[in-house]
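Worksheet: one structure, shown below.
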Protein chains: 2
Amino acid sequence: MAATIKDVAALAQVSVGTVSRYLNGYEVSEANKRKIDEAIRRLDFKLNPVARSLKTSKSMTVAVVVPALANIFSMSIIEGIERHLDQYGYSVIVCDSQSDVQKEKAKLQFVKDKYVDGVVIMPTGSDGTHITEVLGDELPAVLMDRLVEGAKLDAVLVDNVNAVYQAVERLITLGHRRIGMITGPKDIYTAKERQEGYRRVFVDYNLPMDENLIRYGDYTEDTGYKLMSELMRLDCPPTAVFVANYEMTIGAIMAVNEIGIQIPDQLSLIGFDQLELSKLIKPSLSVVVQPMAEIGQKAAEMLYQRMRGNCDNFPQVIRLKAHFIEGQSIKRL
Amino acid sequence: MAATIKDVAALAQVSVGTVSRYLNGYEVSEANKRKIDEAIRRLDFKLNPVARSLKTSKSMTVAVVVPALANIFSMSIIEGIERHLDQYGYSVIVCDSQSDVQKEKAKLQFVKDKYVDGVVIMPTGSDGTHITEVLGDELPAVLMDRLVEGAKLDAVLVDNVNAVYQAVERLITLGHRRIGMITGPKDIYTAKERQEGYRRVFVDYNLPMDENLIRYGDYTEDTGYKLMSELMRLDCPPTAVFVANYEMTIGAIMAVNEIGIQIPDQLSLIGFDQLELSKLIKPSLSVVVQPMAEIGQKAAEMLYQRMRGNCDNFPQVIRLKAHFIEGQSIKRL
DNA sequence: GATATAAATTGAATCGTTTCATCTAGGAGG
DNA sequence: CCTCCTAGATGAAACGATTCAATTTATATC
């Protein structure tokens with residue numbers, strides 16, 4: 001049906017080897033170049049990448065595995081990856097692990113069996129032994145957002161500790177002492193880091209910390225709502241609350257609205273991840289924002305280097321800065 | 001390196017043909033079944049999908065092309081597609097056309113040359129001749145969200161006309177007459193439909209319409225902001241505004257907040273697409289919400305049917321219902 | 001002009017499957 | 001016992017590229 005390299009060779013009156021070499025950018029005589037070009041044009045020849053993959057065992061495809069596709073964080077990162085890898089001719093397969101380690105493992109196996117050239121993973125859970133178990137150490141893989149135990153891999157992370165530190169420190173300097181924190185599961189890397197940032201402020205300022213004000217959710221809107229309600233129902237509720245991811249921030253705001261708490265008069269609030277939010281709600285929300293597109297771009301670049309065989313200082317961990325943006329949702333006590 | 005079907009055949013002492021037939025679900029004697037199973041297990045054999053693709057010219061991969069990846073609408077749909085197609089063993093390649101018809105065409109060509117088995121497209125622009133031009137009529141493709149001219153294709157759409165009708169009608173019954181509309185480009189299908197819904201209310205209620213209150217943006221946050229500001233700066237500003245997509249809704253709310261307009265006292269506002277918003281901001285926003293996951297799921301199912309050769313009543317257009325959810329952002333005049 | 005060297009070209013083998021024409025064995029029917 | 005079927009099994013020939021050892025052609029040197 002479609003023209004093959006043989007047809008081109010026949011029409012151009014050269015060997016298939018010559019056509020192949022020309023197609024792959026090797027030197028070919030001027031005369032042959034012209035003949036081949038002409039033949040390709042006349043036959044509307046398109047190289048069959050599947051056949052090529054079979055010989056080269058490169059599929060020019062990478063997979064991105066995330067705990068959930070339908071959220072801004074994943075998508076912005078994926079957009080960054082797609083955009084960056086596009087220029088090198090790679091395509092991006094997306095996989096949703098649905099925050100399920102078993103599913104994550106299955107998806108990794110699936111894409112590995114499909115001969116993708118590389119994988120970017122936002123791991124679900126804190127253990128990553130299954131990752132190397134499935135992928136081996138032949139197939140390049142880059143972690144993002146979260147580090148895992150049991151897998152030596154490149155990673156692109158965000159400096160959560162310091163970002164949270166800044167935010168909480170600001171609350172301290174505004175005079176707050178009872179500062180609530182709504183954070184993620186104890187076993188998730190980013191959640192641990194964000195807690196660490198919080199704790200460090202208290203240590204550095206030599207202030208007592210009330211463990212009861214730290215609430216562990218699961219990064220969903222629902223728990224954001226629930227935990228915020230809990231905090232505000234305490235006998236001695238916090239005067240400020242820091243929420244450690246986007247979805248929970250939404251939930252927390254919903255709770256605040258529902259209970260009828262005035263921000264910042266009755267409560268100072270700091271959210272996470274989305275600048276949009278900051279401008280959208282009234283009073284403007286103070287937030288810690290992550291450089292999402294940059295995470296994707298950096299992960300893609302790193303993976304690309306590994307795929308072309310560059311193994312310099314493996315495993316490499318890139319840490320990007322997050323920023324605290326102050327809005328009108330916090331107030332001096 | 002990795003075991004091939006030949007190794008399996010050798011170890012099991014049968015021919016490669018037999019192994020292949022077994023692998024593909026054809027009848028094989030009980031004894032051979034056992035021997036092959038055993039050999040596969042011992043060799044940890046994995047069928048090479050690239051080689052298979054070369055013979056079958058099926059890649060078990062579909063592409064999804066959208067104008068932008070990093071927005072809730074695209075992502076929710078892609079999540080729906082991925083989830084649905086996963087069960088059939090397909091993987092999903094994502095492509096960002098960046099709202100650029102040229103890029104869209106290039107991406108389509110790219111995935112076609114990669115031998116994907118099907119394509120789901122949220123087209124950018126109102127013309128779709130380039131789609132059939134590139135894809136031909138061999139490669140199954142379904143449109144979503146938007147219809148285009150010049151391409152006969154299956155499509156999954158949302159009944160924008162009636163959803164908007166409901167929302168605007170509600171404003172009318174609340175006594176509003178000067179109703180602003182911030183909508184999308186005149187040449188984009190959904191924007192046209194949403195305008196149509198708006199106009200129809202005025203016709204049906206036999207009310208005069210002020211064309212000056214209809215503002216055409218480009219579905220971005222920026223124009224939402226700009227157009228809302230413009231509307232409110234009119235000598236005789238609208239008493240209610242309907243914003244016809246998510247990003248512009250965000251922008252519009254930002255403008256409203258900035259100018260300091262009280263909602264719903266000074267202005268009734270209806271937004272689009274995201275239920276989250278409704279609950280998040282105060283007063284709760286009235287919104288028209290689309291069934292995003294369902295769009296993805298339906299598009300995937302349709303594409304799947306086409307890929308297996310089911311050509312019943314082509315081209316088929318499925319129209320899903322959107323819903324108007326009333327919040328506290330609108331008020332009787 | 002002869003020789004040495006480098007650069008292009010050739011075409012067959014290969015990647016790991018599927019497929020198809022051909023062959024085999026075993027059971028049914030007479 | 002022979003013939004006819006049929007369900008399974010066989011193995012070679014694709015699929016459409018790359019690659020490599022061998023060969024031809026071109027270029028440089030003396």
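It should be emphasised that the depicted structure is a prediction, and the values quoted were computed from it without experimental measurement. Sequence lines set the chain letters: A, B, ... in the order given, protein chains first and strands last, and positions in each chain run from 1.
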Checking all strands, does B:Lys46 fall into the base, sugar-phosphate, or nothing category for heavy-atom contacts under 4.0 angstrom? sugar-phosphate
B:Gln305 vs B:Glu301, side-chain hydrogen bond (donor to acceptor under 3.5 Å, both in side chains): CA-CA, chis, key distance, verdict: CA-CA 6 Å; B:Gln305 291 303 334; B:Glu301 183 55 29; 2.9 Å; yes
Describe the nucleic acid contact of B:Tyr115 in one word from base, sugar-phosphate, nothing, applying a heavy-atom distance below 4.0 Å. nothing
Classify every nucleotide of nucleotides 5-13 of chain C by which part a protein heavy atom approaches to under 4.0 Å, writing B for the base, S for the sugar-phosphate alone and - for neither, in 5'-to-3' order. ---SBBBB-
Check the pair A:Lys114 / B:Thr61 against side-chain hydrogen bond (donor to acceptor under 3.5 Å, both in side chains), numbers first and verdict last. CA-CA 10 Å; A:Lys114 268 214 161 178; B:Thr61 302; 3.1 Å; yes
Measuring to OP1 and OP2 of C:dT18, would you say a side-chain N or O of B:Asn24 lies under 4.0 angstrom away? yes
From the list A:Val156, A:Ile131, A:Val120, side-chain contact (heavy atoms from CB on, under 4.5 Å) partner of A:Leu143 resolves to A:Ile131
Counting just side-chain N and O atoms, does A:Ser20 come under 4.0 Å of either OP1 or OP2 of D:dT18? yes
Would you call the rings of B:Tyr88 and B:Tyr304 parallel, tilted or perpendicular, where under 30° means parallel and over 60° means perpendicular? parallel
Grab the CD1-C1' distance between B:Ile36 and D:dG8 for me, whole Å please. 11 Å
Test salt bridge (charged side-chain N to carboxylate O under 4.0 Å, His left out) on B:Arg34 and B:Glu38; report intermediate values, then the result. CA-CA 6 Å; B:Arg34 260 201 314 283; B:Glu38 169 69 8; over 6 Å; no
Quick one: label B:Leu23 by what it contacts on the DNA or RNA (base, sugar-phosphate, nothing), any heavy atom closer than 4.0 Å. nothing
Please report, rounded to the nearest Å, how far the P atom of D:dA12 is from the NZ atom of B:Lys6. 10 Å
In whole angstrom, what separates B:Asp113's CG from D:dA17's P? 12 Å
Check: B:Asp86 and A:Lys107 side chains under 4.5 Å, non-hydrogen atoms: yes
Would you mind reading off the distance between B:Tyr26 atom OH and D:dT10 atom C1', rounded to a whole angstrom? 17 Å
Does the side-chain hydrogen bond (donor to acceptor under 3.5 Å, both in side chains) test come out yes or no for B:Tyr219 and B:Thr190, once each step is laid out? CA-CA 11 Å; B:Tyr219 277 165; B:Thr190 48; 2.9 Å; yes
Could you give the CG-to-P distance, from A:Asn48 to C:dT17, as a whole number of Å? 17 Å
In whole angstrom, what separates B:Ile5's CD1 from D:dA14's P? 19 Å
Atom pair distance, as rounded to whole Å: NZ in B:Lys114 and C1' in D:dG16: 17 Å
Measure from CG on A:Asp7 to P on D:dC15 and round the result to the nearest Å. 10 Å
